[in-house]
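These notes are about the structure you will find just below.
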Amino acid sequence: MYFIICVIAVLIDCIVGDPKKRTHPVIYIGNMISFLEKKWNHGSGRRINGLLTVFLTISITTGSVFLIVFLAMKVHFLLWLVVEIFLISLALAQKSLKEAAMLVYDSLEANDLPEARKYLSWIVGRDTNHLDEPEIVRGVVETVSENTSDGVTAPLMYALCFGATGAWCYKAINTLDSMIGYKNERYADFGFAAAKLDDVANYLPSRISGWFLIIFTKCETAKPFKHRYKNWLKDAKKHPSPNSGYLEAATAVQLGIRLGGFNRYGGVESFRAYMGEPYETMQRIHIKKAIRHMYVCTWCVVITGGILYAIACTWG
C-alpha cells in the first residue's frame with residue numbers, strides 16, 4: 001500500500017510542490033530546534049544537551065505524525081489514505097529544488113550575473129558576490145546533486161518502508177543536521193549527536209541514489225562504465241561529508257565535469273577536494289542536466305520500491 005501512496009505523493013510534489021514556506025512543517029521543526037538551541041547550547045554539558053535536543057525533536061515530530069495518521073485511520077480508511085499522501089508529499093522537495101535551481105538558470109540565460117548570484121545565495125552557504133558563471137553553475141549543480149538524496153530520495157525511501165511517520169522522522173533528523181550539525185565552535189559539541197545520526201540515516205539512501213545516477217542517467221562522456229564506477233567510488237570519499245560525496249561524485253562523473261574547488265565562507269577561503277574530471281567546462285545547461293538527474297533518481301527509487309512490493313506480495 002505504501003508503494004501506491006508514494007507514487008501519488010511523488011506526482012503531487014512534482015506538479016504542485018510545497019506550500020508557502022511559512023506554513024511548511026519544516027519551519028515548525030526548525031523553530032523548535034532554535035528554541036532548544038538557545039535554551040541549552042551554553043555552559044557545560046553541551047553534548048548531552050544536544051543529544052536531548054535530538055531526542056525531543058525526533059520524538060515530538062514522529063509522535064505528532066504518527067498520532068495524526070492513527071487518528072485519520074480511526075475515522076476512515078480514505079481519510080488515512082489522503083493524510084498519508086499529503087504528509088509524504090510535504091516531505092519531498094522535487095519542485096522546490098527545481099524552482100530554486102531554475103531561478104539561477106533563468107538569470108544566467110538573461111545574462112544577469114548579479115541576479116544569478118543573489119538567487120544562488122538563497123540555496124548555498126558560500127559567498128556568492130564574486131562568482132563568475134562557471135562557479136555559479138557549480139554551486140547550483142552541487143546543491144541539486146546533494147539535495148537529490150537529502151530532499152527527495154532519502155525521505156522517499158523511508159516513506160516506502162514506514163509511511164509518513166518514517167518520512168518525517170527522517171526530515172526531523174535532516175533538519176537537525178542542517179541547523180546544528182556543524183563542526184565549528186558553536187555547534188561542535190551541541191550538534192555532535194545530530195550530525196552523527198544524520199550520517200547514519202543517510203548512509204544507505206546516499207549510496208543507493210548515487211548508484212542509480214551512475215547506472216541510469218545519461219553519460220556525457222565516452223568513458224566506459226567500469227572507469228566511471230571506479231572514479232565514482234574514489235571521488236565520493238574525498239567529500240567532507242561521508243554521504244554527500246556519493247551524489248556529487250556521481251553527478252560529476254556522469255556529466256564529465258569537475259565539482260569541488262575553492263569556496264569562500266564569510267570572506268574566508270576554503271578548499272574542497274575535486275571530484276570528477278573536467279572533460280567539459282561548467283555551463284548553464286548543466287543545471288538542467290542535474291535537475292534531470294534528480295527526477296531519474298527519484299523514479300528509480302519508486303520503481304525499485306514497486307518491484308520489491310511486487311516480490312513481497314508474490315511471496316506473501
Side-chain angles (χ1 to χ4, degrees), residues 30 33 37 41 46-47 50 97 100-101 103-104 107-108 113-114 116-151 174-199 202-203 206-207 209-210 231-253 255-284 286-287 290:
I33 296 168
E37 192 269 335
N41 189 17
R46 290 188 181 188
R47 189 165 288 195
L97 187 55
L103 284 174
V104 182
S107 298
L108 293 175
L113 281 181
R117 291 171 184 141
K118 181 187 77 173
Y119 289 134
L120 177 63
S121 72
W122 293 2
I123 58 175
V124 300
R126 70 194 69 172
D127 300 341
T128 63
N129 55 10
H130 65 287
L131 299 181
D132 58 12
E133 179 169 330
E135 285 297 296
I136 292 172
V137 172
R138 176 169 73 88
V140 178
V141 171
E142 288 176 349
T143 299
V144 172
S145 180
E146 177 180 352
N147 284 284
T148 292
S149 178
D150 289 357
N174 190 244
T175 305
L176 281 159
D177 180 65
S178 67
M179 292 185 66
I180 64 175
Y182 298 102
K183 296 178 181 178
N184 55 29
E185 184 177 353
R186 179 174 178 177
Y187 295 119
D189 287 327
F190 187 77
F192 178 81
K196 292 301 180 184
L197 184 58
D198 185 74
D199 289 345
N202 279 299
Y203 185 88
S206 64
R207 286 154 178 79
S209 299
N231 283 352
W232 168 55
L233 293 178
K234 179 189 69 176
D235 287 352
K237 296 178 176 63
K238 298 177 182 178
H239 199 284
S241 165
N243 297 317
S244 297
Y246 286 90
L247 276 299
E248 291 188 28
T251 297
V253 166
L255 295 182
I257 58 177
R258 187 172 70 181
L259 299 178
F262 290 95
N263 300 314
R264 290 181 191 170
Y265 298 90
V268 179
E269 191 170 70
S270 65
F271 177 75
R272 179 182 291 181
Y274 291 123
M275 291 180 288
E277 301 172 73
Y279 297 110
E280 291 189 26
T281 58
M282 204 74 69
Q283 302 171 48
R284 63 190 69 161
H286 289 124
I287 294 175

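All heavy atoms count here, side chains included; hydrogens, waters and symmetry mates do not. Position 1 is the first residue of the sequence; numbering continues from there.
Across all non-hydrogen atoms, the minimal contact from Tyr119 to Val104 is CB-CG2, 3.7 Å. The shortest heavy-atom contact between Ala250 and Trp232 is N-CD1, 3.3 Å. The minimum heavy-atom distance between Ala236 and Ala249, with the atom names listed, is N-CB, 3.7 Å. When all heavy atoms of Ser145 and Leu247 are compared, the closest pair comes out as OG-O, 2.9 Å. Across every non-hydrogen atom of Val137 and Gln283, the tightest pair is CG1-O, 3.2 Å. Minimum heavy-atom separation, Tyr203 to Ser206: O-OG, 3.1 Å.
Distance check: Ser209 OG to Asp150 CG gives 9.5 Å after rounding to the nearest 0.5 Å. For the atom pair CG (Leu113) and NZ (Lys118), the distance works out to 13.5 Å, reported to the nearest 0.5 Å. The distance from atom CD1 of Ile33 to atom CG of Leu176, rounded to the nearest 0.5 Å, is 4.0 Å. Atom CG of residue Leu108 and atom CG of residue Leu103 lie 11.0 Å apart, to the nearest 0.5 angstrom. Note that the CG atom of Leu197 and the CG atom of Asp177 stand 9.0 Å from one another [nearest 0.5 Å]. A distance of 7.5 Å separates CD1 in Ile180 from OH in Tyr187, rounded to the nearest 0.5 Å.
With sequence neighbours left out, the salt bridge (charged side-chain N to carboxylate O under 4.0 Å, His left out) criterion links Asp189 to Arg47. In terms of the side chain to side chain donor-acceptor pair (under 3.5 Å) criterion, residue partners of Glu146 (sequence neighbours excluded) are, by chain and number, Ser244. Among residues two or more places apart in sequence or in another chain, the salt bridge (charged side-chain N to carboxylate O under 4.0 Å, His left out) test is passed with Glu277 by none. Among residues two or more places apart in sequence or in another chain, the side chain to side chain donor-acceptor pair (under 3.5 Å) test is passed with Thr148 by none. Every residue was checked against the side chain to side chain contact (heavy atoms under 4.5 Å, CB included) condition with Glu185, not counting sequence neighbours, and none meets it.
Inter-residue side-chain proximity for Lys183 and Phe192 is flagged as unmet; no heavy-atom pair is nearer than 4.5 Å. Here the side chains of Ile136 and Thr128 are not in contact, with every heavy-atom distance at 4.5 Å or above. Tyr279 is not listed as a side-chain neighbour of Leu255, based on a closest heavy-atom distance of 4.5 Å or more.
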ask   = Would Glu37 and Met179 satisfy side chain to side chain contact (heavy atoms under 4.5 Å, CB included), going step by step from the backbone distance to the final call?
value = CA-CA 10 Å; Glu37 192 269 335; Met179 292 185 66; over 6 Å; no
message = Set out, in order, the CA-CA distance, both residues' side-chain angles and the distance that settles side chain to side chain contact (heavy atoms under 4.5 Å, CB included) for Glu280 and His286, then state yes or no.
response = CA-CA 10 Å; Glu280 291 189 26; His286 289 124; 3.1 Å; yes
ask   = Do Val144 and Ile287 pass the side chain to side chain contact (heavy atoms under 4.5 Å, CB included) test, and can you show the C-alpha distance, the side-chain angles, and the key distance before you say yes or no?
value = CA-CA 8 Å; Val144 172; Ile287 294 175; 5.7 Å; no
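Listed for the Asp132 side chain is a donor-acceptor partner under 3.5 Å among the backbone atoms of Glu135. With hydrogens and angles ignored, the 3.5 Å screen pairs a side-chain donor or acceptor of Tyr182 with a backbone N or O of Ser178. Under a 3.5 Å cut-off, the side chain of Asn147 and the backbone N or O of Thr143 do form a donor-acceptor pair. For the pair Lys237 (side chain) and Leu233 (backbone), a donor-acceptor distance under 3.5 Å is present.
The closest side-chain donor-acceptor pair between Asn202 and Arg207, if any, does not fall under 3.5 angstrom.
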Report all side-chain donor-acceptor pairs from residues 256-276 shorter than 3.5 Å, counting only partners two or more places apart or in another chain.
from	atom 1	to	atom 2	distance (Å)
Asn263	OD1	Arg126	NH1	3.3
Asn263	OD1	Arg138	NH2	2.7
Arg272	NH1	His239	NE2	3.2

